Engineer: 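Here's a structure for you.
What you are looking at is a predicted structure, and each value in this text was computed from that prediction instead of being measured. Just the heavy atoms: all of them, side chains too, but no hydrogens, waters or symmetry mates, feed the values below.
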Amino acid sequence: MIKIKVATFNDLPVVMRIFDQAKRFLKENKIPQWQDGTPNEETFSEDIKSQELFLLVNDSDILGIAALKLGPDPFYDEIREGEWLSDAPYYVIHRFAMAQEARGKRLSETFIQKMLEIVKHQSIAHVRIDTHPRNMAMQRVIEKVGFQYCGIVDVTLEQSDPTRKAYELKLT
C-alpha cells in the first residue's frame with residue numbers, strides 16, 4: 001500500500017541514494033538543476049530534524065522524497081514575468097525526487113497529491129513549487145496536479161543556473 005510518512009535519520013542513506021539517482025538523471029538529460037552541490041546531506045538532515053522531509057513508501061520501499069516547508073521562502077520574495085496568485089501564507093514543496101525504480105509509474109502525481117492532503121489539514125490554502133525550465137517531466141507533473149504557472153524565480157543557492165519556473169496552487 002502506497003502511503004506518505006515523515007523521514008527519520010534512519011532513512012537518510014536511502015534519501016541520499018534517491019537524491020543521487022535524481023541528480024544523475026537530471027545531468028544525463030542536460031538539466032543543470034542540483035549540479036552545484038546543493039542540496040546536500042546537510043540540507044536533508046536539516047529537513048529531517050525539522051520533520052519537513054516526507055517519503056512516499058510502498059510497504060518498506062522508499063519511492064520518493066520531498067520537503068514540505070511552511071513559507072515564506074526567500075527565493076519566492078521576487079518573481080518576474082508574472083505574479084503569485086496570492087500574498088496569503090503558503091507551503092512550499094522542495095527537493096522533490098523519485099527513486100529510479102519508481103519513474104514512469106505516475107507516482108509523482110500520487111506523491112504530490114498526498115502532500116497536498118497534509119496541507120489541507122492545516123489552515124493554509126496555498127502551495128508553491130518550482131522547477132528548472134528544462135525539466136519538462138516535472139513541469140508536466142506539476143501542471144497535471146493543478147498548479148498554475150506564475151513566473152520566474154531565482155534559486156540563488158545554485159550559482160551556475162538559478163532560474164526556475166514557479167507555480168502556485170490554491171487548495172479548495
Engineer: Can you sort out the partners of E41 under side-chain contact (heavy atoms from CB on, under 4.5 Å), two or more places apart, ordered by chain and number?
Structural biologist: L12, M16, S45
Engineer: Just wondering, more than 12 heavy atoms not from E143 lying within 6.0 Å of its CD?
Structural biologist: yes
Engineer: List the residues meeting side chain to side chain donor-acceptor pair (under 3.5 Å) with D73, not counting sequence neighbours, and say none if there are none.
Structural biologist: H94
Engineer: With ring pair (Phe, Tyr, Trp, His ring centres under 6.0 Å) as the rule and sequence neighbours excluded, what pairs involving residues 96-115 come up?
Structural biologist: F96-F111
Engineer: What salt bridge (charged side-chain N to carboxylate O under 4.0 Å, His left out) pairs are there with at least one residue in residues 114-126, not counting sequence neighbours?
Structural biologist: E117-K120
Engineer: Flag yes if L26 and V141 sit in one hydrophobic cluster, no otherwise; membership is Ile, Leu, Val, Met, Phe, Trp, Tyr, and two members link when side-chain heavy atoms are under 4.5 Å apart.
Structural biologist: no
Engineer: Could you tell me which residues satisfy side-chain contact (heavy atoms from CB on, under 4.5 Å) with K27, sequence neighbours excluded, listed by chain and number?
Structural biologist: Q35
Engineer: Of all the heavy-atom pairs spanning P89 and I124, show the shortest one and how long it is.
Structural biologist: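 Reported closest heavy-atom pair: O-CG2, 3.2 Å.
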Engineer: Got a second to check how far T38's OG1 is from R95's CZ, nearest 0.5 Å?
Structural biologist: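 Reported value, rounded in 0.5 Å steps: 9.5 Å.
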Engineer: So, taking the atom named CG in N58 and the one named CD in E101, what distance separates them when rounded to the nearest 0.5 Å?
Structural biologist: 10.5 Å
Engineer: State whether the side chain of Q139 and the backbone N or O of P133 hold a donor-acceptor pair below 3.5 Å, judged by distance alone.
Structural biologist: yes
Engineer: Under the rule for ring pair (Phe, Tyr, Trp, His ring centres under 6.0 Å), what residues qualify as partners of Y149, not counting sequence neighbours?
Structural biologist: Y167
Engineer: Under 3.5 Å, which donor-acceptor pairs link side chains of residues 60-71 to any protein atom two or more places apart or in another chain?
Structural biologist:
residue : atom : partner : partner atom : Å
K69     : NZ   : D47     : OD1          : 3.2
K69     : NZ   : E52     : OE1          : 2.3

Engineer: State, yes or no, whether a side-chain contact exists between K165 and I152 at a heavy-atom distance under 4.5 Å.
Structural biologist: yes
Engineer: Verify the neighbour count for atom CG of D87: are there more than 12 heavy atoms of other residues, nucleotides or ligands below 6.0 Å?
Structural biologist: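 No.
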Engineer: Would you name the heavy atoms of G146 and L169 that are closest together and state the gap between them?
Structural biologist: O-CD1, 3.2 Å
Engineer: Could you list the residues that satisfy side chain to side chain donor-acceptor pair (under 3.5 Å) with R24, not counting sequence neighbours?
Structural biologist: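 None.
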Engineer: For the residue pair F9 and I48, what are the closest heavy atoms and their distance?
Structural biologist: N-CG2, 3.6 Å
Engineer: Under a 3.5 Å distance rule, please check whether D11 uses its side chain to pair with a backbone N or O of A7 as donor and acceptor.
Structural biologist: no
Engineer: Rounded at 0.5 Å granularity, tell me how far OG in S108 sits from CZ in R140.
Structural biologist: 11.0 Å
Engineer: Residues two or more places apart in sequence or in another chain: which of them pass side-chain contact (heavy atoms from CB on, under 4.5 Å) with A22?
Structural biologist: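 Result, side-chain contact (heavy atoms from CB on, under 4.5 Å) vs A22: W34, A97, R103.
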Engineer: Taking all non-hydrogen atoms of both residues, which atom of I4 and which atom of M115 are closest, and how far apart?
Structural biologist: CD1-CG, 3.5 Å
Engineer: Can you confirm whether more than 12 heavy atoms, excluding those of R80, are under 6.0 Å from its CZ atom?
Structural biologist: yes
Engineer: For Y76, does its backbone N or O pair with a side-chain atom of W84 as donor and acceptor, under 3.5 Å?
Structural biologist: yes
Engineer: Any side-chain heavy atom of E168 sitting closer than 4.5 Å to one from Q148?
Structural biologist: no
Engineer: Should R164 and Q33 count as side-chain neighbours, where that means a heavy-atom distance under 4.5 Å?
Structural biologist: yes
Engineer: Are there more than 12 heavy atoms of other residues, nucleotides or ligands under 6.0 Å from atom CD of E109?
Structural biologist: yes
Engineer: Mind listing the closest non-hydrogen atom pair of Y90 and V127 along with its distance?
Structural biologist: CB-N, 4.5 Å
Engineer: Does L56 share a hydrophobic cluster with V14, counting links as ILVMFWY side-chain heavy atoms below 4.5 Å and allowing steps through other members?
Structural biologist: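 No, no single cluster joins them.
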Engineer: At their closest point, which heavy atom of L107 faces which heavy atom of M98, and how far apart are they?
Structural biologist: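 That would be CB-CE, 3.7 Å.
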Engineer: Could you go step by step and tell me if Q100 and F25 meet the side-chain contact (heavy atoms from CB on, under 4.5 Å) rule?
Structural biologist: CA-CA 9 Å; Q100 187 173 327; F25 175 81; over 6 Å; no
Engineer: With side-chain contact (heavy atoms from CB on, under 4.5 Å) as the test, would you mind laying out the steps for C150 and E83 before giving the verdict?
Structural biologist: CA-CA 5 Å; C150 292; E83 62 185 16; over 6 Å; no
Engineer: Step through the shown structure and confirm whether more than 12 heavy atoms of other residues, nucleotides or ligands are within 6.0 Å of CD on Q51.
Structural biologist: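 Open: at most 12 neighbouring heavy atoms sit under 6.0 Å from CD of Q51.
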Engineer: Give a yes or no on whether M138 and F54 share a hydrophobic cluster (residues Ile, Leu, Val, Met, Phe, Trp, Tyr; joining criterion: side-chain heavy atoms under 4.5 Å apart).
Structural biologist: yes
Engineer: To the nearest 0.5 Å, tell me how far I112 CD1 sits from I142 CD1.
Structural biologist: 6.0 Å
Engineer: Taking the side chain as every heavy atom from C-beta outward, state whether E78 and D154 have any atom pair closer than 4.5 Å.
Structural biologist: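 SC-SC contact between E78 and D154 ruled out.
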Engineer: How would you list, by chain and number, every residue that makes a side chain to side chain donor-acceptor pair (under 3.5 Å) with T131, sequence neighbours excluded?
Structural biologist: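 With neighbours one apart ignored, the set is N135.
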Engineer: Who pairs with R134 by side-chain contact (heavy atoms from CB on, under 4.5 Å), at least two apart in sequence or on another chain?
Structural biologist: I31, P32, H132
Engineer: Is L116 reachable from L55 through a run of hydrophobic residues whose side-chain heavy atoms are each under 4.5 Å from the next?
Structural biologist: no
Engineer: Check for me, please, whether V92 and L85 land in the same ILVMFWY cluster - side-chain distances under 4.5 Å, paths through other members count.
Structural biologist: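 Different clusters: V92 never reaches L85 through Ile, Leu, Val, Met, Phe, Trp or Tyr contacts under 4.5 Å.
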Engineer: Could I get the full list of side chain to side chain donor-acceptor pair (under 3.5 Å) partners for N40, not counting sequence neighbours?
Structural biologist: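 For N40 the side chain to side chain donor-acceptor pair (under 3.5 Å) partners, ignoring immediate neighbours, are T43.
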